[in-house]
Amino acid sequence: MMYDRHNETLPRDTLQALQLERLQRTVERCYATVNFYREAMDELGVKPQHIKRLADANLLPFTTKAHLRENYPFGMFSVPTDQVVRIHASSGTTGKPTVVGYTKRDVHVWAMLMARSLGAAGLGPGDRLHNAYGYGLFTGGLGFHYGAEELGLTVTPMSGGQTHKQIMLLKDFEPTALGCTPSYALNIAEEAMELGVDVRKLPLRTGVFGAEPWSEEMRYEIESRLGIDAVDIYGLSEVMGPGVAIECVNAKKGLHVWEDHFLVECVDPDSGEPLPYGAEGELVFTSLTKEAFPILRYRTRDISVLDPAPCRCGRTHVRMRRVTGRTDDMLIIRGVNVFPSQVESVLMQTETLAPFYQIEVFREHNMDRMLVNVEASPPLLAQGDEALQRVARKVAHDIKDYIGVSAEVAVLRTGEVPRSQGKAVRGVDHRKEK
Ligand code: DLL
C-alpha cells in the first residue's frame, strides 16, 4: 500500500475526480454485495450507473445506526467473513453493539490514515506515543497503535485506567506524545499533581485528543496544565475509527477530513437535505476505499460545519469545525437546545473552577430543571463556602446570559464529580428514567 501522502495536497479538482472514481466503485460494491444496500437503492430507483457526478451522492440512501443494528452482527459486510481480519464494536448504551469489520487492506489503509493524522499533529519518527486510549472492541487503542507504528513512532500500549501507573510511565518512558480522551488527560494531569509530578516539566509536547466533544476553552486548560500542544482528532467506528479527520498543528483551526478516503456531507438533521458549506448541520460520511464494511451516507448525528477555505498548512482537504455535540446528547431544557460543550465553555472561562463537571436534568412539577455540578479550584475552596456560593451565582448568571437557559449551579469540592477513564458522561438526563 502506498503511503499516498501527496494526496493531502492534491488540487481540489484532482481530489474530486479521485473521489468520484472511488465513490462509483464503492456504490457498485455495495449494490453487488450487501443486501441492505441493494434493497434500499432499488426502493429509491437508484442504480450504481446513476452516480455520474459527486453531487449524485445525494441520490443514495442514508445509513443509520438502526440499520446497522438490524443487520447485526455481520449483515452489512461486503466480503465473506474469512476475509475479515479484524472486528470492532461500538459499545452502545442499550442492546446490541454495532459491529464493524476490516479486511487486511482496510487495516492497512486505516493505519496509513492514522499515520497521516499523527503526522498532521506534528509527530514523526523519533517521537514516542503513550497510548492511553482503550484497547479492545473500541477502535481508539488499536487505531492509534497501528498508525503510530506505521509512522515509525515508539508506542506504549498502555490502554485506559490505572492512572498512577500511567503517570509513572509518563515519567520513566519520557513519551513526547499522549493519546487519550481530553477528559482523561485532565484526570491524568490532576493525579500527577497529587503525586507531585509536574507533567509540564516532562518531555511530553503533543496531545492527540478525541472520541468525545471538548471545547476550545478546554483545549487551553489542557495545554496549560500539561504544557503541550493539544490537537483534536475525530472518527467513529462505523466509518473506520480514529483518523477520519484531524486538526493540523499548524493552524489548530478545524479538522481536515481525509477526503481521498471519505466523502463528507453536512445535512439538515431534520430533513436530511444537503446544506451548503458554512452551514451548521449533521455530518454524513460515505467510505470511498473500504472493503469489508463499506458505508453509504452514514448519519453520524454529530453537529459541525464544513469549511473548504485553504489552510495555512497547505492541505487541501476540507475542514470540519470541532464537533460541539451529538444530536443525541443535546439537552432540550424548557424548549432551549443545550449542548454540554456550551456549558463547558462558560465553566472553563471561570478561572476559579476546576475542569471537572457534569450536568443533570430533572423534571419536577412538569418543569425542567438543570443542575450543573462543577468543582472549585483549590484556591477557591480555601476561601470557604461563602465564596463557592458567590461563584455559583455568577456562573448561573453567565449560563443564562450566554446560553439563554436558567440553571442551578453547585460548586463542589475536589473529587465530587466522577472522573473519566475514557469518554466522559457530561449529561445525565433523569427525565428519561422511569
Ligand atoms: O470514538 C473513535 C475515536 C477514537 C476518535 C479515538 C478519536 C480518538 P466511537 O466510539 O464509534 O469511535 O464514537 C464515535 O464519538 O460519532 C462522535 O460523537 C464522538 N467523537 C469522536 N471523536 C470526536 C471529537 C471513536 N474529536 C463518536 N470531537 C462520534 C467530538 C467526537 N466528538
Side-chain angles (χ1 to χ4, degrees), residues 63-65 68-69 87-93 97-102 110 113-114 117-118 120-121 129 131-148 157-160 177-185 207-216 218-219 222 230-247 252-258 262 264 266 269 282-285 287 293 295 298-305 319-330 339-342 344-345 420-427:
T63 309
T64 64
K65 195 149 191 127
L68 305 185
R69 290 232 173 84
I87 285 170
H88 281 285
S90 80
S91 44
T93 39
T98 315
V99 180
V100 297
Y102 306 76
W110 183 15
L113 287 178
M114 263 311 299
S117 301
L118 295 170
L129 174 74
N131 188 10
Y133 283 106
Y135 282 68
L137 289 177
F138 175 53
T139 51
L142 285 167
F144 267 70
H145 187 104
Y146 275 59
M158 178 62 211
S159 199
L178 169 66
C180 62
T181 58
S183 58
Y184 192 52
V208 188
F209 303 126
E212 65 183 8
W214 51 311
S215 59
E216 198 55 36
M218 185 67 96
R219 189 211 304 270
I222 294 176
V231 302
D232 189 5
I233 184 165
Y234 171 86
L236 58 170
S237 30
E238 295 86 346
V239 175
M240 178 176 78
V244 173
I246 188 164
E247 287 176 331
K252 284 198 223 161
K253 202 166 191 316
L255 294 81
H256 291 280
V257 179
W258 300 133
F262 308 103
V264 60
C266 191
E282 176 183 348
L283 295 175
V284 169
F285 287 96
S287 70
F293 189 84
I295 195 150
Y298 184 64
R299 298 283 301 251
T300 62
R301 303 190 181 183
D302 292 328
I303 301 298
S304 181
V305 176
R319 279 177 285 171
M320 53 179 259
R321 189 190 67 193
R322 60 165 62 246
V323 169
T324 40
R326 300 171 58 71
T327 49
D328 324 18
D329 295 342
M330 190 175 75
F339 281 112
S341 60
Q342 291 174 286
E344 178 179 300
S345 295
S420 144
Q421 307 269 311
K423 294 183 191 246
V425 180
R426 296 306 195 186

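When a ligand or atom number is given, it counts from 1 through the structure's own listing order. No experiment lies behind these values; they were computed from the predicted model shown.
More than 12 heavy atoms of other residues, nucleotides or ligands lie within 6.0 Å of OH in Tyr298, so this atom counts as buried by the packing criterion. Within 6.0 Å of the NZ atom in Lys253, the count of heavy atoms belonging to other residues, nucleotides or ligands does not exceed 12.
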Can you give the donor-acceptor pairs under 3.5 Å from side chains of residues 134-145 to other protein atoms, not counting sequence neighbours?
{"unit_1": "Tyr135", "atom_1": "OH", "unit_2": "Asn131", "atom_2": "ND2", "d": "2.9"}
{"unit_1": "Tyr135", "atom_1": "OH", "unit_2": "His145", "atom_2": "ND1", "d": "2.8"}
{"unit_1": "His145", "atom_1": "NE2", "unit_2": "Glu149", "atom_2": "OE2", "d": "2.8"}

Between the protein and ligand 1, are there any N or O atom pairs that come within less than 3.5 Å of each other, and if so, what are their names and distances?
{"unit_1": "ligand 1", "atom_1": "1 (O)", "unit_2": "Lys423", "atom_2": "NZ", "d": "2.8"}
{"unit_1": "ligand 1", "atom_1": "10 (O)", "unit_2": "Lys423", "atom_2": "NZ", "d": "3.1"}
{"unit_1": "ligand 1", "atom_1": "11 (O)", "unit_2": "Ser237", "atom_2": "N", "d": "3.0"}
{"unit_1": "ligand 1", "atom_1": "11 (O)", "unit_2": "Ser237", "atom_2": "OG", "d": "2.6"}
{"unit_1": "ligand 1", "atom_1": "13 (O)", "unit_2": "Lys423", "atom_2": "NZ", "d": "2.9"}
{"unit_1": "ligand 1", "atom_1": "15 (O)", "unit_2": "Lys423", "atom_2": "NZ", "d": "3.3"}
{"unit_1": "ligand 1", "atom_1": "16 (O)", "unit_2": "Asp302", "atom_2": "OD1", "d": "3.4"}
{"unit_1": "ligand 1", "atom_1": "16 (O)", "unit_2": "Asp302", "atom_2": "OD2", "d": "2.6"}
{"unit_1": "ligand 1", "atom_1": "16 (O)", "unit_2": "Arg326", "atom_2": "NH1", "d": "3.0"}
{"unit_1": "ligand 1", "atom_1": "18 (O)", "unit_2": "Asp302", "atom_2": "OD1", "d": "2.6"}
{"unit_1": "ligand 1", "atom_1": "18 (O)", "unit_2": "Asp302", "atom_2": "OD2", "d": "3.4"}
{"unit_1": "ligand 1", "atom_1": "18 (O)", "unit_2": "Arg326", "atom_2": "NH1", "d": "3.0"}
{"unit_1": "ligand 1", "atom_1": "22 (N)", "unit_2": "Ala211", "atom_2": "N", "d": "3.0"}
{"unit_1": "ligand 1", "atom_1": "26 (N)", "unit_2": "Asp232", "atom_2": "OD1", "d": "2.7"}
{"unit_1": "ligand 1", "atom_1": "26 (N)", "unit_2": "Ile233", "atom_2": "O", "d": "2.7"}
{"unit_1": "ligand 1", "atom_1": "28 (N)", "unit_2": "Glu212", "atom_2": "O", "d": "3.2"}

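Side-chain contact check for Tyr102 versus His88: some heavy-atom pair is nearer than 4.5 Å. Proximity of Asp329 to Arg426: side-chain heavy atoms (C-beta onward) are nowhere separated by under 4.5 Å.
Side-chain contact, Glu282 with Thr327: no donor N or O sits under 3.5 Å from an acceptor N or O.
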